[in-house]
Structure formats: C-alpha cells, structure tokens
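Worksheet for the structure shown next.
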Amino acid sequence: MGMRQVWAEVNLQTLRENFFKHQTYTQSEIMPIVKADAYGHGVIPVVRTLIACGAQRFGVALLQEALEIKAVFPEVTVMVIGATGTEDSDTLVNEEIIPAVFQLAQAQALSETAVRLNRTAKIHIKVDTGMGRIGYRETDISEILRISQLPNLYIEGIFTHFATADQRDLAFARKQLKCFEDIYEKLKMMGLTIPIRHVANSAAILQFPESHFELVRLGISLYGLTPSSQVGGNVGLEPVMSWKAKVSHVKTIGTGETVSYGRTFQAAYPTQVATVPVGYADGLRRILSNQGEMLIRGRRSTIIGRICMDQTMLEVTKIPGVKVGDVVTILGKDGGERLTASEMADWLGTINYEVVCGISNRVPRVYIEAKEA
Ligand SMILES: *Cc1c(COP(=O)(O)O)cnc(C)c1O
C-alpha cells in the first residue's frame with residue numbers, strides 16, 4: 001500500500017530554531033505547551049526535539065496527554081495546566097504528574113493519595129485573575145493557605161493565564177498581573193512562599209517581559225505561528241508544519257458544466273480542473289468551498305465547487321502544465337508564494353490555533369529531522 005497522497009510535513013529543525021529564538025526573549029525557563037498533540041504537530045517527535053534543545057518541563061491540557069509523554073520520556077516533568085478530577089489522584093501521584101489545583105476537594109484527594117502511597121505530590125495552584133475560566137480568585141486566599149497545610153502536598157508553583165496578552169493594548173493584562181502579584185504577596189505574608197510563578201503565554205513572552213517570572217508557557221509561537229495579527233509578526237517565526245497533497249486527476253470541462261455536490265460551481269468558459277485527494281475529513285473546512293486557495297506550481301489557485309469528505313477540486317486553467325502527481329500546498333510555501341495558517345484562519349473567521357489543531361489524524365505527519373547543534 002502506497003503512502004496517502006495527503007500529508008503534513010513537520011520540520012523539527014525549524015521547531016528547534018523557533019525554540020532558541022524564544023530564548024532570546026526571556027531569561028526564564030521555557031515550558032513548551034504541547035497540548036492537543038503539540039497543536040497538531042505530533043507530541044512525541046516535538047517533545048523529543050525540545051528535550052534535545054534543553055527543555056525539561058512540558059505543559060499539556062489533559063491527564064491523558066501527560067501520560068502519553070510520560071510513557072516515552074519518564075524523566076521529564078509534565079504538568080497538566082487544565083482541570084483534572086479527584087478520581088485522577090492515584091495516577092497523578094504515581095506518575096509524578098503535576099496538576100493545576102483550584103478546588104479544595106481536589107487538593108484533599110491528592111493529599112490523601114500521597115499519604116497512602118507514602119509520596120509527596122507536587123502541585124501548582126491556578127489563580128483566575130481575569131480569564132474567568134478556572135482558578136482561585138483573589139477572595140480565596142484562605143483556601144490556598146488551607147491547602148498548604150495538607151500533608152504530603154508540595155505547592156511548587158502558582159500560575160494564572162492572560163485573556164488579552166495578544167493585543168497591542170496591555171492595560172487589562174497589566175491589571176491581571178497586578179492581581180496575580182497581590183495574591184502571591186499576600187500568601188507570602190501569611191508564610192506561604194511558592195518558588196515558581198508562571199503567567200506568560202507566547203504573546204506575553206514576546207511583548208510583556210514583566211510577566212515572565214521563573215517560568216513561561218510557550219505555545220503557539222513555538223510552532224512558528226503568530227499569537228495574533230498584532231503580536232509576533234516581527235519576530236521572524238517560521239511555521240513548523242506545512243500541509244500538502246498530490247493531484248489525483250486533471251481534466252478540462254466545457255462551458256456550463258459543473259463541479260461537485262449541489263453544482264455550486266458552473267464553468268463560464270472551458271476550465272481546467274485539478275482534483276486533490278483532501279477533504280473535510282482531513283480538516284479542510286467545507287466552508288472554504290468556492291472560496292479557499294491552494295498553491296500549485298508556485299501559483300495560487302481557487303477551490304471550485306463544494307469540498308467533499310475526501311476530495312477537493314481546484315481551478316488551474318491559468319496554470320499551465322498541471323498534471324497528476326503535482327504537489328499541492330494547502331499550507332506552506334511553494335516558490336515565492338506562501339499560505340499560512342493565519343491566512344486560512346482569516347478565510348474561516350477563526351484563529352491559526354484552530355487551523356493547525358483541526359488537521360485531522362487521518363493526515364499522516366511526516367517528520368524532517370533536526371540537525372543536532
Ligand atoms: C494553551 C495555553 C498556553 C499556551 O498559549 P499560547 O498562546 O499558545 O502560547 C499557556 N497557558 C495556558 C493555561 C494555556 O491553556
């Protein structure tokens with residue numbers, strides 16, 4: 001069986017260079033965020049590459065994701081930045097995975113488990129300073145202090161998350177930072193000093209150095225994607241992933257003939273059509289029908305007709321010589337042209353994060369290995 005004619009190329013050398021580029025923006029330890037299969041890039045090769053760059057601590061959203069990493073790299077520190085359940089306590093303590101704690105019941109369950117297993121559970125306290133998602137609020141200081149009294153727990157870290165660090169106007173982010181510092185100082189005054197503070201996501205790493213503290217959480221820009229249209233454009237980030245396919249069929253249709261379901265495209269003149277074996281089941285969003293573009297032979301061509309589950313058609317009338325087997329670039333560079341996840345996100349009214357996370361598992365990831373330094 002031949003390889004699928006659709007694939008995502010993940011350049012681990014580019015990942016490596018992006019990691020080092022971020023080290024010039026911060027003195028703090030970098031915790032790469034590798035949730036959602038490393039933003040669709042494939043968590044195991046990404047973690048392997050970053051360990052070789054010196055990263056020692058990784059952040060994920062789910063316990064399941066932490067376990068996947070621990071199974072291959074038992075020596076690295078992994079923290080779950082999202083919620084875990086009280087029923088996860090045994091796994092967390094046994095596997096030495098650091099949970100984000102923001103409820104007393106959660107801390108109590110971890111403490112009981114740690115006592116029973118004769119271990120110490122490392123935890124990070126999550127505080128909500130304005131994101132409104134998870135975390136203790138300013139008014140919950142006493143509960144954090146209560147957690148610090150529980151046996152066999154060690155509060156190694158405290159963290160919060162910005163709602164607007166990717167905007168040019170950092171006024172709200174400054175307010176959140178102030179709130180975080182107030183909570184930290186109050187705890188300290190009450191005798192609880194927490195060694196690791198972490199607040200900054202990619203956008204804050206790039207444009208808000210006062211928020212770096214001991215540790216920063218590097219996500220989207222590690223993968224070479226800008227945190228927003230306002231932040232990261234000047235950093236020289238190189239996208240790590242490109243998405244490609246090979247033309248499966250080429251033909252000319254006559255004036256008046258139509259393409260795909262619903263006949264939403266009708267040829268106004270004899271039209272050269274290239275079929276690409278990629279569809280919405282691969283994560284190419286159907287809303288791009290008759291709208292999105294792909295690169296072929298270094299030129300842009302438009303998607304015509306509806307995107308199907310597994311196939312999509314392009315108009316290539318003005319691109320001479322297109323033939324079966326030609327490489328089509330869905331995301332990435334071809335000659336002087338480039339299609340970025342940010343551009344596709346603009347077509348879709350979403351963000352580049354959703355574009356890369358949306359490239360489905362059916363698309364094989366092909367890795368270009370990093371050259372060791
Ligand atoms: C996803 C996430 C990050 C990483 O954010 P980027 O914008 O991708 O850098 C950091 N912290 C938390 C809590 C997150 O959920």
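Both counts, for ligands and for their atoms, begin at 1 and track the order of listing. Keep in mind that the numbers below use all heavy atoms, side chains included, and drop hydrogens, waters and symmetry copies.
When each of His198, Arg217, Glu156 is paired with Met79, the side chain to side chain contact (heavy atoms under 4.5 Å, CB included) condition holds for His198 and for no other.
Environment of CG in Leu117: crowded, with over 12 heavy atoms of neighbouring residues, nucleotides or ligands closer than 6.0 Å.
Counting heavy atoms from C-beta on, the side chains of Asn11 and Leu15 never come closer than 4.5 Å. Val93 is listed as a side-chain neighbour of Leu110, based on a closest heavy-atom distance under 4.5 Å.
In this structure, ligand 1 sits under 4.0 Å from heavy atoms belonging to Ile33, Lys35, Tyr39, Ile81, Arg133, His161, Asn201, Ser202, Arg217, Gly219, Ile220, Tyr353.
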Side-chain donor-acceptor contacts of residues 138-146 below 3.5 Å, not counting sequence neighbours, with atom names and distances?
unit_1	atom_1	unit_2	atom_2	d
Asp140	OD2	Arg137	N	2.8
Glu143	OE2	Leu104	N	3.1
Glu143	OE2	Tyr136	OH	2.7

Checklist entry - Step by step, would you call Ile97 with Leu67 a side-chain contact (heavy atoms from CB on, under 4.5 Å)? => result CA-CA 8 Å; Ile97 293 164; Leu67 292 172; 3.7 Å; yes
